[in-house]
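Notes follow once the structure below has been shown.
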Amino acid sequence: MSKIIAGNFKSNLNRTQTSQYLQKLDSLVQTSDSKVFIFPSISSMVENNFKHITIGAQNCHYALNGAFTGEVTLEHLNELNINTILIAHSERRNLFGESDEICAKKFEFFKEHNFEIFYCIGENLETRNNKNELEFLANQLSKIDLKYDKLIIAYEPIWAIGTGINASAEQISKSTSYLKSLTNAPIIYGGSVNENNAKEILKISDGILVGSASLNIDKFYQMIKE
Ligand code: 13P
């Protein structure tokens, strides 16, 4: 199975930087058999019309359009031909108050519209220290349809995001094999993935979701080559 290599730009890179990056990356990845996704910041979204990269949305409200100040809605994604979305990232949950219920509503809406859905889950350090992480992960998935054939689960332990401390191979394998017992969806890993650890992580996962290290095109391309 080809690997999923996804870059989440979060709130980084402006429109000019994003479009230069995407054009360059699209020409570089011509020979890769990985599936490459980029999630630009919302204001740097571009049409999903690249040959070798799929553009996804980091966030979207679960409506076609309407009175939702500050949100983008399906109409905006449709215009850009975007049919991939990231839902339930821990930054959306923790900084912007998105509950499991809101994430599940988004999931249902975008499932109805046949989107490819990257659904993020991951425990915090306290849960891991209490050895409750598997139960916690199962609970985070309990409100969505795990049989949806366009689902990709991104396992991103919160303590590994942006810290420079990635989960160990053993920790990733334990969570991944448990998640594989719940669903046939690909399970990718995110949390301090970089050009030095990507190769090892790709051996034990279906792909990677990269934050800060994806902002540097040379580093990200190196990960794709792995
Ligand atoms: P970092 O790679 O910066 O740790 O971020 C991971 C992440 O949150 C990707 O969605």
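What you are looking at is a predicted structure, and each value in this text was computed from that prediction instead of being measured. Read the numbers this way: they start at 1 and go in the same order the structure lists the ligands and their atoms.
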TODO: Return yes or no for this condition: an N or O of Asn8 is under 3.5 Å from an N or O of ligand 1.
DONE: yes

Open item on the list: Is it the case that ligand 1 has an N or O less than 3.5 angstrom from some N or O of Gly162?
Closed with: yes

- [ ] Report the C-alpha distance between Phe118 and Phe37 in whole Å, list the side-chain angles of each, state the deciding distance to 0.1 Å, and finish with yes or no for ring-ring contact (aromatic ring centres under 6.0 Å, His included).
- [x] CA-CA 11 Å; Phe118 283 62; Phe37 294 83; 4.9 Å; yes

Task: Residue, atom name and distance, where the atom is the protein heavy atom closest to atom 2 (O) of ligand 1 - done: Gly211 N, 2.9 Å

Open item on the list: In this structure, does ligand 1 have an atom that sits under 4.0 Å from one of the heavy atoms of Ser192?
Closed with: yes

- [ ] Say whether Asn59 and Lys106, considering side chains only, have a donor N or O and an acceptor N or O under 3.5 Å apart.
- [x] yes

Open item on the list: Tell me whether Ala213 reaches ligand 1 (any heavy atom closer than 4.0 angstrom to a ligand atom).
Closed with: no

- [ ] Return the option from Lys10, Glu91, His89, Glu156 holding the heavy atom at the smallest distance from atom 5 (O) of ligand 1.
- [x] Lys10

- [ ] Verify the neighbour count for atom CD of Glu47: are there more than 12 heavy atoms of other residues, nucleotides or ligands below 6.0 Å?
- [x] yes

TODO: Pull out every atom of ligand 1 sitting under 4.0 Å from any heavy atom of Leu209, numbered as shown with elements.
DONE: 9 (C), 10 (O)

Task: Where ligand 1 meets Ser212 - atom numbers and elements under 4.0 angstrom, heavy-atom basis - done: 1 (P), 2 (O), 3 (O)

Task: Under 3.5 Å side-chain donor-acceptor pair for Asn124 and Thr127 - done: yes

Open item on the list: If you count every heavy atom of other residues, nucleotides or ligands that lies below 6.0 Å from Asn184 atom CG, does the total exceed 12?
Closed with: no

- [ ] Measure the acute angle between the ring planes of Phe107 and Tyr148, then classify it against the limits of 30° and 60° as parallel, tilted or perpendicular.
- [x] perpendicular

